[in-house]
2 protein chains.
Amino acid sequence: MYYNGPFYVACWLFDPIMNRKPVPTIIDVARRANVSAGTVSNALTGKRPVSARTRERVMLAIEELGYQPNLLARSLVNRTSNTLGIVASGLEFYGPSRTLVGIEQEANALGYTLLLDLLHSPVTPDADSVLDDLAARRVDGIIWAVHEIGDNHAWLSETRLRTLPPMIFLTMEARPGASVVSTDNRMGGALATRHLLELGRRVIGIITGPKQWWEARERLAGWRTALLEAGREPAADLIEEGDWWAASGEACLQKLLARRPDLDAVFACNDQMALGVLRCCHARGLRVPEDLAVVGFDSTPESAYFWPSLTTVRQRLAQLGHIAVAELHRMIKAREQGEETAPTIRNLQPSLIVRESTAPVDTSST
Amino acid sequence: MYYNGPFYVACWLFDPIMNRKPVPTIIDVARRANVSAGTVSNALTGKRPVSARTRERVMLAIEELGYQPNLLARSLVNRTSNTLGIVASGLEFYGPSRTLVGIEQEANALGYTLLLDLLHSPVTPDADSVLDDLAARRVDGIIWAVHEIGDNHAWLSETRLRTLPPMIFLTMEARPGASVVSTDNRMGGALATRHLLELGRRVIGIITGPKQWWEARERLAGWRTALLEAGREPAADLIEEGDWWAASGEACLQKLLARRPDLDAVFACNDQMALGVLRCCHARGLRVPEDLAVVGFDSTPESAYFWPSLTTVRQRLAQLGHIAVAELHRMIKAREQGEETAPTIRNLQPSLIVRESTAPVDTSST
DNA sequence: TTGTAAGCGTTATCAC
DNA sequence: GTGATAACGCTTACAA
C-alpha cells in the first residue's frame, strides 16, 4: 500500500541507531490506523475536522507505535518553528540569570521553546555568526540580552535588522529602528542619591560600574542629576570606577576616603560592590550608617542579610524578561499579518528598598 | 530550467512576510551560479570535492542573494540537529546558573546549540511532556539538570530511557541505566566538619537544606560520618533543617542556640544560609570565629567578602557542566556507531576554602 | 567534477 | 470527512 522505495530500506539497514527499530513516522501511524497521513495530521493538529471513530483509531495507533511527530519536518512546511533565539551573557551574575528566568516563563506561556546562545565575550561579540546561526535555524524571533558595553552594538543597523527575524533588545540605549526594553537606570541612580540627600548627607560619593557599560553611565548620570537638583556639585573626586565585583567596592572606598575623609555616604552601583564597601567599613571601624550611609543597586536576595542589611534599588528583572517576550510576540504576530510595527521603547521604573544601611532607626530587614 | 510549481507561487503570494522578498533557497543559489543544487550543497558542506571555479561562483551567488541554509531542512534529511536539550530549574540561584554556563561553553565548543527548558516546579515536574517535546524536536541528546527533590525522578526508568535520545543526569543519586555526574556532596560535608573538628571545636551543629533534597541529605551524611570518625555523636539536637535561603540560616541558628548554648561551630549547608548565620551572630554579639566558627557550602563569589569572610566548600560547577556535555557527546557518538555504552557515574571532588570565619589568625580573603 | 532525482517527515490543496 | 499528491529546502546515491 505504501512503499517508500529503496532509500527507505537503505536507511533502515544503515540506521545510525542499529539496535533500535526505526523511529515511526506519520505514515506508519496512518497505515496502522488504516487512514491517510493527512488524516492523522488533522487528528493531531485539529486544523480540520475528523470523525470521532477515526480519531480514536489514530490515537490508538500513535499510542501503540510510540509515535512522536517530527517538529523539524512540521516547521519546515509551516515556515515557523515556535522557537525564540536568545543571545545573552554574564549568566553567572544575578541580574542576567534572573532575567532569563523571566524570559523563559513568558516564552513557555506563549508556546515558544528557547534556543540559547551565550556570548563568551560580551565586549566584542561575534554578533553576525550568532545571529546568522539563529536565522538559519529559522527562529521566529530573537532576544538580544547582552548588556551594552563599549561599541558592542556597532553591528546593529536598520539594514541589518531587515535581514533578521523580529528582534528585541534588552538594556540598551535607544537606537533608530530597534525595539528596546530596559530598566530606567538613570532614575535608579537618582532615587538612591535623593534618598541620601533627604537623610541630610552632605558628601555623597559614588562607586560606578565600568564606564564602558551604558548602565553604569546611566546610574552615574542619575547621581549627578540628583546632586544638581539639590544644588550640590557632583565633584569628580567623589567618583570612583569599579568593575561590579565586591573586591572593587572595597578598593574604591579606600580611594574615596583617602581623597575625601569627610565622605558621609556612598552609592555603590551594585550590591556586590556595596558588600565590598561594607567589608571595608568594618575593617576600618566605620559605623554604617552613622559614619557612612551605603546604598546598593539590584536588590539581590542576599542584600537583605548583609550586616547591616542593605538599602538598595530594585529592578524588576523577571518582569523585564516577561515584557520583552510579550513585545517580541506582538512583533512576530504583526509581521505574520504583514503589518509593519513601529519600534517600541519601554523603560521600567525601579524602586528603592530602604534598609539598615541608611536607616539606623528601623531594624526590620525587609 | 527550475520551476517549483504552483505551490511556490502561492507561497510567494501568501507569504506571511509580505513586504519582504521570499527567503532564497539553495535552488535560487544554484540557478544564479548556473550549477545544480547538489553542487551548492557540496560547496557548502565540503562533503564532496567541488572545483575552485564553481565554488567561487557559488559563493558569489550566496553573497549576492544573502542566502542562509535552512538548518531545519538540513536536520530533517541528516537525521541529526546538532542540538542538545537541557532541562533545568532554580536558575535564579548561583549553582544552577553557573553550571548552565559551563554546559553552554562545552556545547558550543562541540558545535551544539542548546534548547532550554526550565521547570517551573522542580518538585513535581511534568517530565514527560518536556521530554516528549525535546524528542519531537529531535535533539541529539538531553541534559537533565534538575536537582533531585523528593521523588521528582520517579518517571525515570530504563524502559523510558530507551524511548529517548542519549541522556545525562546532573546531581542525582545513581540509578540503574542512567549516566550521572555530580559533586560528591557527602565528601563536601565531611570536609567541612573535619575542618571544624581539627580546629578543636566540640559542639558542631548543622543547618541542612530541605531533607527532601538529595544533596541536602548527602551533606548531612558527610557531617555524620566525620563526627563518627572522630568518636563524636551526631546528636539530633545539633541538626536544623533550613530551606537554602538566608532567612532560614538566621532562624535555624536561633533554634540551635536555644537548645545548645554550648554550640561552638556550625556548618551551614550553603553560603546563603551561612550569611543568615553570620547576621544572627552579629545581632547577638557572638564573635565569629572565636565564639562560633562558621562554614558554608558553594563558594559563591560574595562569600569572600562576607564579614567575616566565609570558610566554604567549593564545587566546580562549570566543570560539572563541561563534563556532563563531554560525556553526553561521547554517548551520542557511540550510539551513532551503533555501539552500546555502559552508563557512567562521575563524582567530582569538592575542596575546602578556609577563610576568616574559621581561621581568626589569617586575615587574607582568598 | 557535476547533474538528476529520490527521499527526509510533515502539511495543504483539491478532488471525491 | 477522507485520500492522493505536491510541496517545504536540503542531501545523497547513481549516472554521466
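Just so it is clear, the model here is predicted, and its values are computed rather than measured. Chain letters run A, B, ... following the sequence lines, proteins first, then strands; residues in each count from 1.
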Peer 1: A quick test of your reading: do over 12 heavy atoms of other residues, nucleotides or ligands sit less than 6.0 Å from CD of E56(B)?
Peer 2: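 No.
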Peer 1: Nearest 0.5 Å, what's the CD-CG distance between E104(A) and D117(B)?
Peer 2: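 Here the interatomic distance stands at 6.0 Å.
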Peer 1: Does dG3(C) have its OP1 or OP2 closer than 4.0 Å to a side-chain nitrogen or oxygen of T39(B)?
Peer 2: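 Answer is yes, contact under 4.0 Å.
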Peer 1: Quickly work out the L71(A) CG to dC8(D) P distance and round it to whole Å.
Peer 2: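 The answer, rounded to whole Å, is 21 Å.
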Peer 1: Give a yes/no answer on whether the side chain of R79(B) brings an N or O atom under 4.0 Å of OP1 or OP2 in dC8(C).
Peer 2: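 Answer is no, no contact under 4.0 Å.
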Peer 1: dG7(C) C1' sits how many Å from N78(B) CG, rounded?
Peer 2: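 Between C1' of dG7(C) and CG of N78(B): 13 Å.
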Peer 1: Just to verify, what does R57(A) make a side chain to side chain donor-acceptor pair (under 3.5 Å) with, not counting sequence neighbours?
Peer 2: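 If we apply the side chain to side chain donor-acceptor pair (under 3.5 Å) test to R57(A), skipping adjacent residues, there are no hits.
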Peer 1: Distance check: side-chain N/O of T25(A) vs OP1/OP2 of dG9(C), anything under 4.0 Å?
Peer 2: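 So the side-chain polar atoms of T25(A) never come under 4.0 Å of the phosphate oxygens OP1 or OP2 of dG9(C).
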Peer 1: What is the separation between atom CG on N34(A) and atom P on dG3(D), rounded to the nearest whole Å?
Peer 2: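 One finds 9 Å between P of dG3(D) and CG of N34(A), rounded.
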Peer 1: Over how many whole Å does the gap from R74(B) atom CZ to dT10(C) atom P extend?
Peer 2: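 Spelled out: CZ on R74(B) to P on dT10(C) is 21 Å.
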Peer 1: Expressed as a whole number of angstroms, how long is the span from Q68(A):CD to dT10(C):C1'?
Peer 2: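 One finds 15 Å between C1' of dT10(C) and CD of Q68(A), rounded.
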Peer 1: Going by number, which of residues 41-51 of chain A have a non-hydrogen atom under 4.0 Å from DNA chain D?
Peer 2: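 When residues 41-51 of chain A is checked for heavy atoms under 4.0 Å from DNA chain D, the hits, listed by number, are P49(A), V50(A), S51(A).
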Peer 1: With a non-hydrogen cut-off below 4.0 angstrom, is T54(B) in contact with a base, only sugar-phosphate, or nothing?
Peer 2: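 Sugar-phosphate contact only.
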Peer 1: Measure CZ/R137(A) against C1'/dG9(D) and give the value in whole Å, please.
Peer 2: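 Rounded to the whole Å, the gap is 15 Å.
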Peer 1: Check the distance between dC8(D)'s P and R138(A)'s CZ and give it to me in whole angstrom.
Peer 2: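 Taking atom P of dC8(D) as the reference, CZ of R138(A) is at 13 Å.
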Peer 1: For K47(A), which residues count as a salt bridge (charged side-chain N to carboxylate O under 4.0 Å, His left out) partner, sequence neighbours excluded?
Peer 2: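 Per chain and number, K47(A) pairs via salt bridge (charged side-chain N to carboxylate O under 4.0 Å, His left out) with no residue.
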Peer 1: If you check the P69(B) side chain, which of dC10(D), dT4(C), dG9(C) turns out closest?
Peer 2: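 Looking only at heavy atoms from C-beta outward on P69(B), the closest nucleotide is dC10(D).
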Peer 1: Taking the nucleotide of DNA chain C with the nearest heavy atom to each, does R55(B) or L76(A) sit closer to the 5' end?
Peer 2: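 Its nucleotide being nearer the 5' end, the pick is R55(B).
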Peer 1: Hydrogens and angles aside, do T39(B) and N42(B) bring a side-chain donor and acceptor to less than 3.5 Å of each other?
Peer 2: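 No, no side-chain donor-acceptor pair sits under 3.5 Å.
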Peer 1: Can you tell me if E148(A) and T171(A) form a side-chain donor-acceptor pair at under 3.5 Å?
Peer 2: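 Looking only at side-chain atoms, T171(A) and E148(A) do not form any donor-acceptor pair under 3.5 Å.
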Peer 1: Return the orientation label for the F169(B) and W144(B) ring planes: parallel under 30°, perpendicular over 60°, tilted otherwise.
Peer 2: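 Plane angle between 30° and 60°, so tilted.
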Peer 1: Provide, to the nearest angstrom, the distance between the CG atom belonging to D28(A) and the P atom belonging to dG9(C).
Peer 2: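 The answer, rounded to whole Å, is 9 Å.
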